[in-house]
Amino acid sequence: MANSIVYIINSAPGVGKSTLLKKLHDRLPNGFAVIDGDDVGRITPYQNNANWLNAMQDNLVDCCSNFRNYGFSRCVVAFVFPNAERLSRLTDMLAGRGFHTSHILLICSEDEIERRLTQRNTSKIINVNQAKALNRQIQSLNADIRADTTEITADEVADLVNHYIMGGRQLGDN
């Protein structure tokens, strides 16, 4: 399909991916599939190794393809893609299936990551210090758009990203 696109929302844990997906779900028009990589990659026990990451990325690509087969050619996918190699692997696989991609990068201050993760009290795979390190690493990646979620509400982030996805292209600086 000529208009098949995947919007990749990338950030460290605690920055706001899952919250953003919930907010976008209510804002996007019909025809979008919203995929949380955390849901696609759930296994017991949790793992954080190359095999798990490869399987998770393969599942994301398959999900996007399956949604497109049923008429949903626009997908929003959220997960942690910490380096250019991981991100390229995903975008190359999607391109091989005829998808265009757009990389949306979310960042926030390390203090805010710590506050959010401590408040949420979750660290099954990645602890607070690892999340902070991932945030620093992810900030160096190229992106079509980036948004700092430190001092704006989840609704404001969702409005900005929704505006970008719907064609406004005025979010953040590249």
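These numbers were taken from a predicted model, which means no experiment stands behind them.
Looking only at side-chain heavy atoms (C-beta outward), Tyr7 and Phe32 come within less than 4.5 Å of each other. Residues Asn54 and Arg86 have side chains in contact (heavy-atom distance under 4.5 Å, counting atoms from C-beta outward). Put simply, the side chain of Ser18 reaches to within 4.5 Å of the side chain of Asp38, judged on heavy atoms. Contact check for Arg68 versus Cys75: no side-chain heavy atoms found under the 4.5 Å cut-off. Taking the side chain as every heavy atom from C-beta outward, Arg116 and Thr149 approach each other to under 4.5 Å. Between Gln137 and Leu134, the closest side-chain pair of non-hydrogen atoms falls below 4.5 Å. Between Val61 and Asp58, every side-chain heavy-atom pair lies at or beyond the 4.5 Å cut-off. Looking at heavy atoms from C-beta onward, Ile104 lies in side-chain contact with Ile165 at the 4.5 angstrom threshold.
Considering all non-hydrogen atoms of both residues, Lys17 and Asn10 come closest at CD-C, 4.3 Å. The two residues Asn30 and Arg74 make their nearest non-hydrogen contact at O-NH2, 3.2 Å. Nearest heavy atom pair, residue Ala131 against residue Pro13, reads CB-O, 3.8 Å. The shortest non-hydrogen separation linking Ala158 to Leu20 is CA-CD1, 3.5 Å. Looking at every heavy atom in both residues, Asn135 comes nearest to Leu106 through OD1-O, 4.5 Å. Nearest approach of Val6 to Cys64, heavy atoms of both residues: CG2-SG, 3.8 Å.
Side-chain contact of Asn3 with Ser73: a donor-acceptor pair under 3.5 Å is absent, judged by distance alone. In this structure, a donor-acceptor pair under 3.5 Å is present between the side chains of Tyr164 and Ser102. Looking at Asp148 and Thr150, their side chains do bring a donor and an acceptor atom within 3.5 Å of each other.
Taken to the nearest 0.5 Å, the CG atom of Leu105 stands 6.5 Å off from the CD1 atom of Ile107. For the atom pair CD1 (Ile8) and OG1 (Thr101), the distance works out to 5.0 Å, reported to the nearest 0.5 Å. Considering CG of Leu160 and CD1 of Ile152, their distance stands at 5.0 Å, rounded to 0.5 Å.
Ion pair Arg89/Glu85 not flagged as a salt bridge, since none of the NZ, NE, NH1 or NH2 atoms sits closer than 4.0 Å to an Asp/Glu carboxylate oxygen.
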Please walk me through it: do Thr91 and Phe99 pass side chain to side chain contact (heavy atoms under 4.5 Å, CB included)?
-> CA-CA 8 Å; Thr91 58; Phe99 286 97; over 6 Å; no

Take Val80 and Ile138 through the test side chain to side chain contact (heavy atoms under 4.5 Å, CB included) and record every step on the way to the result.
-> CA-CA 9 Å; Val80 179; Ile138 288 169; 4.0 Å; yes

Please test Val77 against Gln57 for side chain to side chain contact (heavy atoms under 4.5 Å, CB included), starting from the C-alpha separation and ending with a verdict.
-> CA-CA 10 Å; Val77 172; Gln57 286 185 317; over 6 Å; no

Steps toward side chain to side chain contact (heavy atoms under 4.5 Å, CB included) verdict (Glu151, Glu112) = CA-CA 9 Å; Glu151 295 183 13; Glu112 186 63 13; over 6 Å; no

Check the pair Arg97 / Asp92 against salt bridge (Lys or Arg N to Asp or Glu O under 4.0 Å), numbers first and verdict last.
-> CA-CA 9 Å; Arg97 301 252 187 120; Asp92 290 349; over 6 Å; no

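Asp159 is linked by a side chain to side chain donor-acceptor pair (under 3.5 Å) to Arg27, counting only residues two or more places apart in sequence or in another chain. Thr19 pairs by the side chain to side chain donor-acceptor pair (under 3.5 Å) definition with nothing, not counting sequence neighbours. In this structure, the side chain to side chain donor-acceptor pair (under 3.5 Å) partners of Glu110, at least two apart in sequence or on a different chain, are Arg136. Applying the side chain to side chain donor-acceptor pair (under 3.5 Å) rule to Glu114 yields the partners Lys132; only residues at least two apart in sequence or on another chain are considered. Applying the ring pair (Phe, Tyr, Trp, His ring centres under 6.0 Å) criterion to Phe79, with sequence neighbours excluded, gives Trp52, Phe81.
Using a distance-only test at 3.5 Å, with no hydrogens or angles considered, a donor-acceptor pair links the side chain of Asp144 to the main chain of His103. The backbone N or O of Leu141 sits less than 3.5 Å from a side-chain atom of Arg146, completing a donor-acceptor pair.
Residue pairs that meet the salt bridge (Lys or Arg N to Asp or Glu O under 4.0 Å) test with at least one member in residues 5-16, sequence neighbours left out, do not exist here.
Other residues, nucleotides and ligands place no more than 12 heavy atoms under 6.0 Å from the CG atom of Asn142.
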